[in-house]
Amino acid sequence: LTEALECAVLLENNVKAFAQAELTYGLGRKKENLILLKWGPGVGSAIIAQGSIYDSKTYKSAEIGHVRVEKDGKLCRCGRRGCLETRVASHPIASHLRQVCSAETTPLLWSAVDGEPERITVHNLDILTALEDPGMWAALEEDITVLANVVGGILTMLVPDQMILYGNMFKLPHFKEKFIAACKRYDPTYDENYLRVSELDAKIEYIGPLAVVANELFYQS
């Protein structure tokens, strides 16, 4: 591509690119040790240690989405089974709701989709999760707790200054609050001050690539 376009081409993981944005424009200007958690169609993370993004020689570091949480779980796109991402990413969340949706156990959800569970998709999760349906939230809190337990273990091991949250799932009704509540059950210190939504979240579509380019052009020796 560099030869064809006759210009520099940079390739970077999207979560690590956002981590570079946090370093350049966000909380990374004040904190040296951070963990980023992205929760959306996938589950991603990045580690900032002593002001630098940690990476391994294989470029597979901080793959929180591929921590195994189920012994004989679903096949993941990485080739392994039971990865966290197969349980709590947005599409598995929608699938879980389709499975539990019934007139008896989730009456409000059932009514909202006119008795057709197949109408539950990632595209209407924002509307459906605004419902105060106890049965629906019992199912969702199972998934949220799975994510919180993995996060709690990582925070215990690495003890960052803070964890930065971003991604579509944290924008759904109640998800951020219930996730933080589950983390607090793991450890009371993992509260709203320690787990913070990124101030750059509204700029997610472009701020990461911009930070990568700026770092390459102006800060690399």
Side-chain angles (χ1 to χ4, degrees), residues 14-15 18 36-45 63-153 163-186 190-192 195-198 201-205:
N14 64 323
V15 183
F18 197 84
L36 279 75
L37 174 66
K38 180 185 179 183
W39 190 13
V43 183
S45 59
E63 292 285 354
I64 188 174
H66 300 291
V67 172
R68 190 173 74 166
V69 295
E70 293 181 300
K71 181 180 178 182
D72 298 309
K74 295 179 181 178
L75 181 66
C76 181
R77 58 194 175 95
C78 74
R80 295 180 290 195
R81 288 190 175 275
C83 291
L84 176 66
E85 193 168 279
T86 68
R87 176 72 184 270
V88 304
S90 56
H91 285 82
I93 290 286
S95 177
H96 191 190
L97 288 184
R98 288 193 293 270
Q99 293 171 8
V100 302
C101 183
S102 72
E104 295 75 28
T105 59
T106 59
L108 295 181
L109 179 61
W110 180 263
S111 176
V113 296
D114 296 324
E116 300 178 25
E118 63 273 12
R119 293 177 58 184
I120 300 171
T121 73
V122 295
H123 303 295
N124 58 11
L125 280 178
D126 57 337
I127 297 172
L128 299 178
T129 55
L131 300 171
E132 300 294 337
D133 189 318
M136 177 187 73
W137 278 107
L140 290 175
E141 291 210 31
E142 289 181 14
D143 300 322
I144 292 171
T145 299
V146 170
L147 176 59
N149 286 343
V150 174
V151 166
M163 171 170 268
I164 306 300
L165 312 175
Y166 75 107
N168 294 338
M169 294 298 290
F170 287 115
K171 298 177 182 179
L172 296 178
H174 311 304
F175 269 74
K176 182 190 72 174
E177 293 77 12
K178 289 183 178 293
F179 169 73
I180 293 176
C183 288
K184 287 170 70 175
R185 290 195 294 271
Y186 186 100
Y190 299 158
D191 59 13
E192 296 81 356
L195 309 175
R196 294 176 52 181
V197 172
S198 173
D201 190 46
K203 304 173 182 178
I204 189 174
E205 298 299 332

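With 3.5 Å as the limit, one finds a donor-acceptor pair spanning the side chains of His174 and Glu132.
Taken to the nearest 0.5 Å, the CD atom of Glu85 stands 5.5 Å off from the SG atom of Cys76. Note that OG1 of Thr121 and CZ of Arg98 are 7.5 Å apart. Values are rounded to the nearest 0.5 Å. To the nearest 0.5 Å, atom CG of residue Leu147 and atom CG of residue Leu37 are 6.0 Å apart. A distance of 6.5 Å separates CD1 in Ile144 from CD1 in Ile93, rounded to the nearest 0.5 Å. Here the NE2 atom belonging to His66 is positioned 11.0 Å from the CD1 atom belonging to Ile64, to the nearest 0.5 angstrom. Atom CZ in Phe179 sits 4.5 Å away from atom CZ in Phe170 (nearest 0.5 Å).
What you find for Ser95 and Lys74 is that their closest heavy atoms are OG-NZ, 4.0 Å. Between Tyr166 and Asn14, the shortest heavy-atom contact is OH-O, 4.3 Å. Minimum interatomic distance between Thr106 and Cys101 (heavy atoms only, all atoms of both residues): OG1-CA, 3.2 Å. In terms of heavy-atom proximity, Asp133 sits nearest to Leu109 at OD2-N, 2.9 Å. For the residue pair His96 and Ala139, the shortest heavy atom distance occurs at CE1-O, 3.4 Å. Contact between Trp137 and Thr129 at its shortest, heavy atoms only, is CZ2-O, 3.2 Å.
Taking 4.5 Å as the limit, every side-chain heavy atom of Val69 sits out of range of all side-chain heavy atoms of Cys83. Considering only heavy atoms from C-beta on, Leu195 comes within 4.5 Å of Cys183 through its side chain. The side-chain heavy atoms of Asn168 and Val122, taken from C-beta on, include no pair separated by under 4.5 Å. Contact annotation: the side chain of Met136 approaches that of Leu131 to within less than 4.5 Å [non-hydrogen atoms, C-beta and beyond].
Centroid-to-centroid, the aromatic rings of Phe175 and Trp39 come within less than 6.0 Å.
For the pair Asp126 and Lys171, the salt-bridge criterion is not met [side-chain N within less than 4.0 Å of a carboxylate O]. With respect to the salt-bridge test (charged N to carboxylate O, under 4.0 angstrom), the residues Asp114 and Arg119 qualify.
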(message) Between Glu192 and Glu177, is the side chain to side chain contact (heavy atoms under 4.5 Å, CB included) condition met? List the steps.
(response) CA-CA 9 Å; Glu192 296 81 356; Glu177 293 77 12; over 6 Å; no
(message) Between Leu97 and Leu140, is the side chain to side chain contact (heavy atoms under 4.5 Å, CB included) condition met? List the steps.
(response) CA-CA 8 Å; Leu97 288 184; Leu140 290 175; 3.8 Å; yes
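Here the options are Val43, Asn149, Val151, the test is side chain to side chain contact (heavy atoms under 4.5 Å, CB included), and the partner is Leu84; only Val43 passes. The side chain to side chain contact (heavy atoms under 4.5 Å, CB included) test with Val146 is passed by exactly one of Glu70, Arg87, Glu141: Arg87.
No more than 12 heavy atoms of other residues, nucleotides or ligands shown are found within 6.0 angstrom of CD on Glu205. Heavy-atom neighbours of Lys178 NZ from other residues, nucleotides or ligands within 6.0 Å: above the threshold of 12.
Here the side chain of Thr105 pairs a donor or acceptor atom with the backbone of Val100 at under 3.5 angstrom. Put simply, the side chain of Tyr190 never gets that close to the backbone of Arg185: no donor and acceptor are under 3.5 Å apart.
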